[in-house]
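What you are looking at is a predicted structure, and each value in this text was computed from that prediction instead of being measured. For reference, positions follow the sequence shown, starting with 1.
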Amino acid sequence: MRWLMTFMLVLAAGALLGADEPAGQWRPLFDGKTLAGWHATPGGNWQVVDGTLQGTNEASDKRHGILLSDAAYTNFSIRAKFKVTRGNSGFYFHSEPVKSAVSVKGFQVEVDREMDTGGLYETLGRAWVVKPDPVEMRKHYTPGEWTDLLLECHGPHIVVTINGYKTADLTDEKGAKSGHFGLQLHGGMDMDVQFKDIEIKTD
């Protein structure tokens, strides 16, 4: 009986280590096959296509369809790749669902086909908080191509990097410090956007 108790203790210790292990290490938030760990708000359509999260919508749908992470996060670094074929998207963080046409309240990294990609916008808050330099962005961002996004949030400090170029560096005491990630389908426009290789490293 003692060996069984020892075995159970070892299993419990392993489970605890497994729960803590992701801290400080990159781990996937999207398994490349399913929507496990994510859920969609009404508006548009999110599906897994060839290892990517693909969101589509039509201009007749005025709702902002958001694919939200089930879990909320506070301090983290997260990286992903995105490609915008049509429309205006965003990568939400420190956000919360609300009952409105836009579905969420909180920060987003702008993700679209314009040179404000990589800026910081606060939905149902201060609107634009940081806009990148469009002249510099043209050197680093090509709309319609796969693009690297790195977002780092530690306390009030937020840093956004697009294709290795820092587009936002903000120390913000006013915004939320915890919340969900969200991938945006903007309402009222034709949308086709893809995300993949989403990985997170928590403190």
Side-chain angles (χ1 to χ4, degrees), residues 29-30 35 38-70 78-151 158 160-163 165 167-168 175-176 179-198:
L29 277 189
F30 165 52
L35 296 178
W38 300 80
H39 62 279
T41 66
N45 180 58
W46 285 99
Q47 60 184 332
V48 180
V49 178
D50 297 329
T52 75
L53 289 168
Q54 183 177 31
T56 54
N57 202 1
E58 297 181 355
S60 58
D61 191 343
K62 304 304 180 183
R63 298 169 298 179
H64 285 45
I66 311 293
L67 187 66
L68 282 169
S69 65
D70 291 344
I78 189 166
R79 59 191 181 189
K81 295 180 184 294
F82 67 82
K83 180 168 67 173
V84 184
T85 302
R86 294 184 299 172
N88 180 327
S89 184
F91 191 97
Y92 276 97
F93 63 100
H94 290 173
S95 66
E96 294 296 336
V98 295
K99 292 182 178 180
S100 76
V102 297
S103 295
V104 293
K105 175 182 179 180
F107 259 127
Q108 67 167 300
V109 178
E110 183 69 13
V111 172
D112 61 31
R113 297 180 59 85
E114 305 299 328
M115 293 304 118
D116 52 12
T117 291
L120 289 171
Y121 187 94
E122 190 178 40
T123 300
L124 300 181
R126 292 166 287 174
W128 281 108
V129 180
V130 178
K131 272 193 173 184
D133 182 340
V135 175
E136 288 298 317
M137 280 303 295
R138 289 187 181 91
K139 301 176 184 177
H140 300 279
Y141 176 55
T142 303
E145 293 188 358
W146 282 109
T147 301
D148 292 326
L149 164 66
L150 173 64
L151 167 64
I158 302 170
V160 181
T161 305
I162 298 290
N163 287 336
Y165 170 65
T167 57
H180 300 267
F181 297 119
L183 312 180
Q184 182 195 53
L185 291 176
H186 201 290
M189 63 176 63
D190 293 325
M191 287 291 314
D192 187 347
V193 61
Q194 292 169 276
F195 292 87
K196 67 177 182 179
D197 300 341
I198 306 173

CD (Glu58) with more than 12 external heavy atoms under 6.0 Å: no
Among Glu114, Arg113, Glu110, His186, side-chain hydrogen bond (donor to acceptor under 3.5 Å, both in side chains) partner for Asn88: Glu110
Contacts of type ring-ring contact (aromatic ring centres under 6.0 Å, His included), residue Phe91, not counting sequence neighbours: Phe181
Flag side-chain contact, heavy atom, 4.5 Å: Asn163 against Trp146: no
4.5 Å side-chain heavy-atom contact, Lys83 and Lys81: no
Distance-minimising heavy-atom pair for Trp38 and Ser69: CE3-N, 3.4 Å
Check: Ser89 and Met191 side chains under 4.5 Å, non-hydrogen atoms: yes
Test applied, side chain to side chain contact (heavy atoms under 4.5 Å, CB included); reference residue, Ile162; option that passes from Leu151, Leu149, Leu150: Leu149
Tyr92 and Thr123: side chain donor to acceptor below 3.5 Å: yes
Between Asp192 and Thr56: side-chain donor-acceptor atoms closer than 3.5 Å: no
Asp116 and Lys131 ion-paired at < 4.0 Å: no
Val84 side chain near Phe195 side chain, heavy-atom distance below 4.5 Å: no
Pairwise side-chain contact, Gln54 with Gln194, heavy-atom cut-off 4.5 Å (strictly under): yes
Minimum heavy-atom distance Leu185-Ile66, with the two atoms named: N-CD1, 4.5 Å
Nearest heavy-atom neighbours spanning Val48 and Leu53: CG2-CD2, 4.1 Å
